[in-house]
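Before any comments, here is the structure.
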Protein chains: 2
Amino acid sequence: MNPTPLYTQLADILREMITSGQLQPRSPLPSESYLQQEQGVARGTVRTAIGILRDEGLVVTISGRGSFVKEPDPKASSGPD
Amino acid sequence: MNPTPLYTQLADILREMITSGQLQPRSPLPSESYLQQEQGVARGTVRTAIGILRDEGLVVTISGRGSFVKEPDPKASSGPD
DNA sequence: GCGGATTTGTACGTATGTATG
DNA sequence: GCATACATACGTACAAATCCG
């Protein structure tokens, strides 16, 4: 049997936290090392999961800073600073 | 097969310096950057090694100051103020 | 109180090796 | 062989705490 990979499961969890509003736009995701310990997985697994959300355009990752929830879509009007 | 990890080896070295009395109680360990250069390893490896000794209760680390050899055991009598 | 130097704390980026299914 | 997953180990960058002049 091929269970859903851990990184997919973790991506699902994080995606849910974002789409549910539990993680607000521009707010940081838990750090890789936090998620590593929290979820009991290797850091590489966490990175793969976050990479999925990055591919989906849900988060942006800044080296040395963290990963952040992307804003839905600035369109025009009150755009980004 | 699996050689002892560098951080374990370094922890062993530092532990020996403590248990042998080469590093006295309350005296500071060499700084992370010193050990990094001295041992030719990455800082993360040094930090992991010191973390082991911290787990073992041999040293305490103070942010911005350093890691210090812990005193064997205050017990009672002339305890800490 | 301020500025610079030192030291620890945190966080991501990357590479390699091992093991399993 | 490949994907998954973990462990080790390197590097870079910046923040926070501390110390001293």
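Order of the sequence lines sets the chain letters (A, B, ...), proteins ahead of strands, with each chain counted from 1. Keep in mind that the numbers below use all heavy atoms, side chains included, and drop hydrogens, waters and symmetry copies.
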Nucleotide of C:dC12, C:dT7, D:dC6 approaching A:Ala42 most closely (side-chain heavy atoms): D:dC6
D:dC6 OP1/OP2 closer than 4.0 Å to side-chain N/O of A:Thr45: yes
OP1 or OP2 of D:dT8 under 4.0 Å from side-chain N/O of B:Tyr7: yes
Out of D:dA5, C:dA11, C:dT7, whichever nucleotide has its closest atom nearest the side chain of A:Pro5: D:dA5
Short side-chain to backbone donor-acceptor contact, A:Gln39 and A:Leu10, under 3.5 Å: no
d(CD, B:Gln37; P, D:dC10) in whole Å: 14 Å
Side-chain donor/acceptor of A:Gln22 to backbone N/O of A:Ile18, under 3.5 Å: no
Side-chain heavy atoms of B:Leu53 within contact of B:Arg15, under 4.5 Å: yes
Between C:dT7 (C1') and B:Glu38 (CD): distance, integer Å: 17 Å
Minimum side-chain heavy-atom gap A:Leu58-A:Lys70 below 4.5 Å: no
Atom-to-atom span, CG of B:Leu10 to C1' of D:dT8 - whole angstrom: 14 Å
Rounded interatomic separation in angstrom, taking CZ from B:Arg47 and C1' from D:dC10: 16 Å
Show me the protein contacts with nucleotides 15-21 of chain D, counting only N or O atoms at under 3.5 Å.
{"unit_1": "D:dC19", "atom_1": "OP1", "unit_2": "B:Arg65", "atom_2": "NE", "d": "3.3"}

Backbone of A:Gly44 reached by a side-chain donor or acceptor of A:Thr48 within 3.5 Å: yes
Of the listed nucleotides D:dC6, C:dC12, C:dT8, the one nearest the side chain of A:Leu6: D:dC6
Sugar-phosphate only, base, or nothing, as touched by B:Gly44 at under 4.0 Å among non-hydrogen atoms: nothing
Rounded distance (Å) that lies between atom P of C:dT7 and atom CG of B:Leu29: 13 Å
Sugar-phosphate only, base, or nothing, as touched by B:Gly51 at under 4.0 Å among non-hydrogen atoms: nothing
Test item: B:Ser20 side-chain N/O and B:Glu16 main-chain N/O as donor-acceptor pair under 3.5 Å: yes
Any donor-acceptor pair under 3.5 Å from B:Thr45 side chain to B:Val41 backbone: no
Rounded distance (Å) that lies between atom C1' of C:dG9 and atom CZ of B:Arg43: 7 Å
Nearest-Å distance for atom pair CD1/P, residues A:Ile52 and D:dA3: 14 Å
Whole-Å distance separating the CD atom of A:Glu32 from the P atom of D:dC6: 14 Å
Sugar-phosphate, base or nothing in reach of A:Ser67, heavy atoms under 4.0 Å: sugar-phosphate
C:dC12 phosphate, OP1 or OP2, under 4.0 Å from A:Thr61 side-chain N/O: no
